[in-house]
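Following: one structure in C-alpha cells, then a few remarks.
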Amino acid sequence: MKTVFSGVQPTNKLTIGNYLGAMKNWVDYHKDYRAIFSVVDLHSLTSKISPEERKRNSFEIVTLYIALGLDPAKNIIYYQSDVKEHSELAWILNCYAYMGELSRMTQFKDKSTGQENVNLGLFAYPVLMASDILLYQTNIVPVGEDQTQHLELTRDIAIRFNNLYGDIFQIPEKLTPKLTARIKGLQNPEKKMSKSSEEPNDSVFILDSPELITKKIKRAVTDSEGSVYYDVEKKPGVSNLLTIYAGVTKKTIEEATKDFEGANYGTFKKIVCEALIEDLSPIQKEFEKLIKDEAYIKEVLIKNSEKASAIAKETIYKVKEAVGLPVR
Ligand code: TYM
C-alpha cells in the first residue's frame, strides 16, 4: 500500500489557507493509502512562541484533524516529537544536505532577513521536513504551493542518498490542489494568507465565529470595477474570494463565476461568507465537542504514535545499516 504523509506546524491558529490548500483534501486518502498526518511540533521550535502556546496549539490541531473527519482508527495522527526517529533521521540527513542548497530556500530567506541571531534550526528546517517525509517511505505529500521548494529538496536528498547506498528511500511526489494551492490574504491579496500575519483582518481562521468571518470578508480588499470575474493580475482580491468560494463549494472557477453574474460586491461577499460559514460550521461544532474530551485525544496520540514509531523504526534500521552505524 502506498503512503501519504503531511503535517502542520503548531505556530498559531490555523487559517482557511491551511484548510483549503492542504487539510480539506486529506480526509479521503485513507481509502487508498496508508495515511499519516503529523503535528510537526519540533518544526515549531524554530519560531519564537511560548511553551504554553505551543502545547495549546498542538492539542488544538490534533483535535481539529479529527474534527475535520480524519478518523484516528484509519489515519495515523500523532505529534512529531513523540517519534524520536524524526530527529535521528534529520541528523543523519543533515550530513547529506548542502549549505548551498539550504541557503537558497526562499522560506529561510524570508524568515531570517533582518533578524539577529538566526537559529540553526531555522536553517536546517527543510532537512527535518525531508526526514518527516522519507521516514515513512512516503509516495505523496499533499501540501500548499509554498512547500514546493522544500519538496524538491526532499527529493534531491533522497535521490542523493539512494545513489550512494541503493534503494533506501521512496522518492515522494508533491500534490497540490489545482485551484486552492495558494490562498491569499484578505487585506494583501498579493501575498499568501498566513497563520502569523500581523494584520488582524488578513487571515480567516478555521475556528473564527460566523460574526468574525463576516466582518473579515466584508472588509476584504476588492477593486473599483464592480463586476465579479477571475483575473489574478487585474483583480487579485476578487479572484481570491472567488477561489475561496470555489474551494469550499467544490466548484470550478467557471461554475463559481457563473454564480455571481450581475451581482455587486456586497452580494458577492455575502454569498462567499455564507458558503464559507456553512462549510466550516460542522467542523467547528465537532471541534467544540472533541476538545472537551482530553482523555480521548491523549489516547489517540499514544496509540497512533506507537503505530508511527513502528514504521519509522524500519526506515531508521535501513538507513543506519546503509551508512555503517550499529543496528541491533
Ligand atoms: P504550515 O504549517 O505552514 O502549513 C500547513 C499546510 O498549509 C499549507 N498552506 C497554504 N495553502 C494554501 N494557501 C495558503 N495561504 C497556505 N498557507 C499554508 C501549507 O502549504 C501546508 O501544506 N513546512 C510545513 C510543515 C511540514 C510538512 C512536513 C508538511 C513539516 N514537515 C512534511 C508536509 C510534509 C509548514 O510549515 O506548513
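Along the sequence shown, the residues carry numbers beginning at 1. Counting starts at 1 for both ligands and their atoms, in listed order.
- Note: H86 and Y78 have tilted aromatic rings, judged against thresholds of 30 and 60 degrees for the angle between ring planes.
- Taking each of K174, K192, M129 in turn, the one with a heavy atom nearest to atom 28 (C) of ligand 1 proves to be M129.
- Close contacts between ligand 1 and G21 involve ligand atoms 11 (N), 12 (C) [criterion: under 4.0 Å to a heavy atom].
- For atom 24 (C) of ligand 1, the nearest non-hydrogen atom from the set F37, Y19, Y136, Y125 belongs to Y125.
- At least one heavy atom of T180 sits under 4.0 Å from some atom of ligand 1.
- Looking only at atom types and distance, the side chain of K174 has a donor-acceptor partner in the side chain of T148 under 3.5 Å away.
- Among A181, A22, P142, G144, the residue whose heavy atom lies closest to atom 12 (C) of ligand 1 is A181.
- Ligand 1 has no N or O atom lying under 3.5 Å from any N or O atom of E145, backbone or side chain.
- Side chains of D279 and Y19: a donor-acceptor N/O pair is present below 3.5 angstrom, by distance only.
- Distances between N or O atoms of I183 and those of ligand 1 include at least one value under 3.5 Å.
- With a heavy-atom cut-off of 4.0 Å, Q9 touches ligand 1 through backbone and side chain alike.
- With ligand atoms numbered from 1 in the order given, ligand 1 contributes 2 (O), 5 (C) to contacts under 4.0 Å with heavy atoms of V8.
- For the pair L20/P177, no side-chain contact is recorded, criterion being any heavy-atom separation below 4.5 Å from C-beta on.
- Salt-bridge formation is detected for the pair K216/D208: a Lys NZ or Arg NE/NH1/NH2 atom is positioned less than 4.0 Å from an Asp or Glu carboxylate oxygen.
- At least one test fails for R160 against the ring of F169: distance under 6.0 Å to the centre or angle within 45° of the axis.
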